[in-house]
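Here's the structure we're looking at; comments come further down.
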Amino acid sequence: MNCEEITSLMDVYVDGELDPITSQKIEQHLRDCGKCEQAYEAHTALTHAISRSVPYYKAPIELRQRVHASLRDEVDDKPTRTVPRGSQLLVTRKQPEPRAVLFGMPWNWLGLAAAVILAAIIFSSSLPRLRQPTSDQFLATQLIASHVRSLMADHLTDVASSDQHTVKPWLDAKLDFAAPVVDLSGEGFPLIGGRLDYLDNHPVAALIYQRRKHFINLFAWPASPGASKAQKTMSRQGYHLLHWVDSDFNYWAVSDVSDGELQTFKRSFQQQIAPH
């Protein structure tokens with residue numbers, strides 16, 4: 001298998017939907033191809049991040065009882081046909097219609113429709129009481145997805161350069177704001193480049209820095225008036241997120257480096273933009 005075939009089968013492979021022979025071929029390719037192995041690890045991390053971030057709600061116990069009752073009523077309401085004694089029926093025997101079984105009771109499509117409608121009504125009535133994810137949690141999911149997607153698609157940058165005087169003019173021409181861009185090679189975080197991204201319903205600047213074999217995505221966009229300047233940290237699925245706000249911009253740094261290194265990166269970045 002080549003890399004293009006592996007990419008096309010990545011989703012079904014991660015979901016465990018391939019036959020054993022095809023899965024074995026993919027596993028052999030992943031052992032031999034570091035690029036595809038990195039894409040697989042990033043894809044798996046993204047899948048886990050999304051599955052664990054999306055809320056899961058268990059139906060209330062009353063649902064089983066009500067579905068059970070509705071099915072019993074539907075079966076009991078069926079009319080029964082009586083045949084006069086002594087009469088003969090010349091009919092062709094029909095094959096029994098397939099029936100599903102739920103909770104030990106037979107039911108047909110009418111019962112299924114009734115159960116689905118009943119479940120929808122119960123769920124919609126309880127929806128306002130369900131806990132919704134916070135805006136920060138939702139944004140964190142977007143940030144991790146964007147970071148992982150940039151690694152999977154080999155699209156870290158739109159403009160690849162370690163020269164801040166090349167990256168900044170390119171971003172300034174694409175955005176309606178001028179995000180600060182600095183090179184932190186002296187502090188161990190060399191600038192790799194920049195790209196455009198879209199988060200929280202608006203375009204943002206994404207600056208990419210490197211820490212040994214790891215990458216840091218730094219997302220920046222203008223801060224809202226009166227925005228809280230309290231620093232926030234999060235950790236999800238092996239990724240660390242660091243958020244801070246200065247007088248002009250929102251910043252979110254995302255990476256799989258340690259939290260301590262991400263804090264060091266933030267301090268280095270702030271020291272470089274302070275004179276500007």
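Scope of the values below: all heavy atoms of this structure, side chains included, with no hydrogens, waters or symmetry mates.
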Linking I/L/V/M/F/W/Y whenever any side-chain heavy atoms sit under 4.5 Å apart, do [X] and [Y] land together?
X    : Y    : value
I273 : F219 : yes
Y198 : L175 : no
V204 : V245 : no

Please determine, by modelled atom types, if [X] and [Y] share a side-chain donor-acceptor pair under 3.5 angstrom.
X    : Y    : value
S185 : D183 : yes
R31  : Q28  : yes
N2   : H29  : no
H214 : S255 : no

At what distance, to the nearest 0.5 angstrom, does [atom1] of [X] lie from [atom2] of [Y]?
X    : Y    : atom1 : atom2 : result
M1   : D32  : CE    : CG    : 13.5 Å
D256 : L262 : CG    : CG    : 10.0 Å
S258 : R211 : OG    : CZ    : 8.0 Å
N217 : T157 : CG    : OG1   : 10.5 Å
I216 : K266 : CD1   : NZ    : 13.5 Å

Measure from the ring center of [X] to the ring center of [Y] and say whether it is less than 6.0 Å.
X    : Y    : result
Y40  : Y13  : yes
Y209 : F265 : yes
H147 : Y239 : yes

Can you tell if the side chain of [X] reaches within under 4.5 Å of the side chain of [Y], non-hydrogen atoms only?
X    : Y    : answer
L184 : L191 : no
F269 : F189 : no
N250 : H243 : yes
L9   : T22  : yes

Over all heavy atoms of both residues, which pair between [X] and [Y] is shortest? Give the atoms and the distance, please.
X    : Y    : answer
A205 : L171 : CB-CD1, 4.2 Å
D172 : F177 : OD1-O, 4.0 Å
L196 : D158 : N-OD2, 2.9 Å
W221 : W252 : CH2-CD1, 3.4 Å
I208 : A206 : CD1-O, 3.5 Å
F249 : A178 : CZ-O, 3.2 Å

Assess the residue pair H240 and L242 against the criterion (side-chain contact (heavy atoms from CB on, under 4.5 Å)); give the C-alpha distance rounded to whole Å, side-chain angles, the decisive distance to 0.1 Å, and a yes or no. CA-CA 7 Å; H240 296 288; L242 180 59; over 6 Å; no
From CA spacing to verdict: side-chain contact (heavy atoms from CB on, under 4.5 Å), Q164, Q272: CA-CA 12 Å; Q164 64 196 64; Q272 288 290 332; over 6 Å; no
Take W244 and Q270, measure what side-chain contact (heavy atoms from CB on, under 4.5 Å) needs, and give me the verdict at the end. CA-CA 10 Å; W244 74 94; Q270 287 182 310; 3.6 Å; yes
Is the side chain of S146 donor-acceptor paired with the backbone N or O of L143 at a distance under 3.5 Å, no angle test? no
Check: S162 main-chain N/O paired with T166 side-chain donor or acceptor under 3.5 Å: no
Do R212 and E261 sit within salt-bridge range, that is, some charged N less than 4.0 Å from a carboxylate O?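 Yes, charged N to carboxylate O under 4.0 Å.
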Please test R195 against D197 for salt bridge (charged side-chain N to carboxylate O under 4.0 Å, His left out), starting from the C-alpha separation and ending with a verdict. CA-CA 7 Å; R195 73 173 186 278; D197 216 313; 3.3 Å; yes
How far apart are the C-alpha atoms of M10 and I26, what are their side-chain angles, what is the distance that settles it, and do they pass the side-chain contact (heavy atoms from CB on, under 4.5 Å) test? CA-CA 9 Å; M10 188 67 73; I26 293 178; over 6 Å; no
